[in-house]
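Right, one structure below, let's go through it.
Every number for a ligand or one of its atoms is a count from 1 in the order of the listing.
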Amino acid sequence: MTPPATPQPPFIRLDAVTKRWSNGVTVLEGVTLTADRGEFISLIGPSGCGKSTLLRLLAGLSPLSAGAVTLDGMSPEAAREIMSFIFQDATLLPWRTVRSNVELGLELEGKTIASQRRTTASTLLELVGLSDVADLYPRQLSGGMRMRVSIARALATRPKILLMDEPFGALDEMTRDFLNEEVLRLRENDRFTTFFVTHSVAEAVFLSTRILVLQAKPGRIAREIPVPFPFPRTAELRSAPEFLRLVGEVSGALRAVQNPSNTGHP
Ligand SMILES: Nc1ncnc2c1ncn2[C@@H]1O[C@H](COP(=O)(O)OP(=O)(O)OP(=O)(O)O)[C@@H](O)[C@H]1O
Ligand SMILES: [Mg+2]
């Protein structure tokens, strides 16, 4: 007889996480949540409610004031080697070519030899459709192309956890939609677990397995909205009635936290 399986602890766990700044302001209070491997969780909420702060706590870039965070059994600081962070601006090094920007994370990691890094970079550049510009410099690319380089660079180290802070906020809508589809394609390849900050409700619904709506002052999770659509998701989903209905529901929840007298229901 096989013994009963011991329940696995959640892949990511936040327990009553609180963050207070040195000026005494509490930016996040009592944030509790668990995430399974492979989930895609979007954080949405009013400006200043603490979304970027929460990502920085997960990334071990800022200490907690109270509570606990565990990522794959590790503290945020220890989990850094299984994480990548993508910011709104692509933060590429201007003096390095596209290819050598993609190789950067692997170089810093120090676990690979040059030929391995080259192969990994070539594969990723191919995946994001940038093989033709591998030898150009960031200044020679459009904003959307720079963001694709940034994504390729983040994925080169095969992170188990990907943290993205408004990565597509500065791009036009068509480029954003295209990159959303690309992120989902990359996720099919390599099931990283993602925390994604955005102000776009449609983007959050298109990408996520779950949406967390945050309220401000102090930042807390006000609503948790599962997104039931199966993967792979394609562009057609954006015009499906059930997609539009969910966009409406999330927008209502967002209005409710922006203006608490509004219940979010029509
Ligand atoms: N180092 C710091 N010291 C004091 N206050 C800070 C610090 N960093 C951020 N804040 C404040 O914490 C609050 C939350 O900031 P955060 O950047 O997390 O918001 P956000 O939800 O990401 O907003 P946005 O949608 O505009 O990006 C803001 O009021 C900000 O001014
Ligand atoms: Mg922010």
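With hydrogens and angles left out, the side-chain atoms of Ser84 and Arg153 include no donor and acceptor closer than 3.5 Å.
The nearest protein atom to atom 16 (P) of ligand 1, hydrogens excluded, is given as Thr53 OG1, 3.6 Å; this is a heavy-atom distance. Of the protein's non-hydrogen atoms, Trp21 NE1, 3.0 Å is the one closest to atom 12 (O) of ligand 1. Protein heavy atom at the shortest distance from atom 26 (O) of ligand 1 is Ser47 OG, 2.5 Å. In terms of protein heavy-atom proximity, atom 29 (O) of ligand 1 is closest to Gly48 O, 4.0 Å.
Residues Val213 and Val31 are members of separate hydrophobic clusters, defined by side-chain heavy-atom contacts under 4.5 angstrom among Ile, Leu, Val, Met, Phe, Trp and Tyr.
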Test side chain to side chain donor-acceptor pair (under 3.5 Å) applied to Glu109 and Thr157, step by step: CA-CA 8 Å; Glu109 214 177 43; Thr157 52; 4.7 Å; no
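Between Phe243 and Phe206, the ring planes are perpendicular. Angles over 60° get that label, and only those under 30° would be called parallel.
Counting heavy atoms from C-beta outward, Met164 and Val183 have side chains that approach closer than 4.5 Å. Side-chain contact between Leu71 and Pro76: present, with at least one pair of heavy atoms (C-beta onward) separated by less than 4.5 Å.
Close approach of ligand 1 to His199 (heavy-atom distance below 4.0 Å) involves ligand atoms 25 (O).
In summary, no N, O or S atom of Ser47 is located under 2.8 Å from the Mg ion (ligand 2).
At a threshold of 4.0 Å, the pair Glu188-Arg191 counts as salt-bridged, since one of the basic side-chain nitrogens sits closer than that to a carboxylate oxygen. With respect to Arg176 and Glu173, no salt bridge is recorded, no charged nitrogen being found less than 4.0 Å from a carboxylate O.
Using a 4.0 Å threshold on non-hydrogen atoms, atom 6 (C) of ligand 1 counts as touching the protein. In this structure, atom 18 (O) of ligand 1 has a protein heavy-atom contact shorter than 4.0 Å.
If you look at Val27 next to ligand 1, the close heavy atoms, those under 4.0 Å, all belong to the side chain.
Not one N or O of Asn23 is nearer than 3.5 Å to an N or O of ligand 1, by distance alone. Between Cys49 and ligand 1, an N or O atom pair is found at a separation short of 3.5 Å.
Evaluated by nearest non-hydrogen atom to atom 27 (O) of ligand 1, the leading choice among Glu166, Arg56, Lys217 is Glu166.
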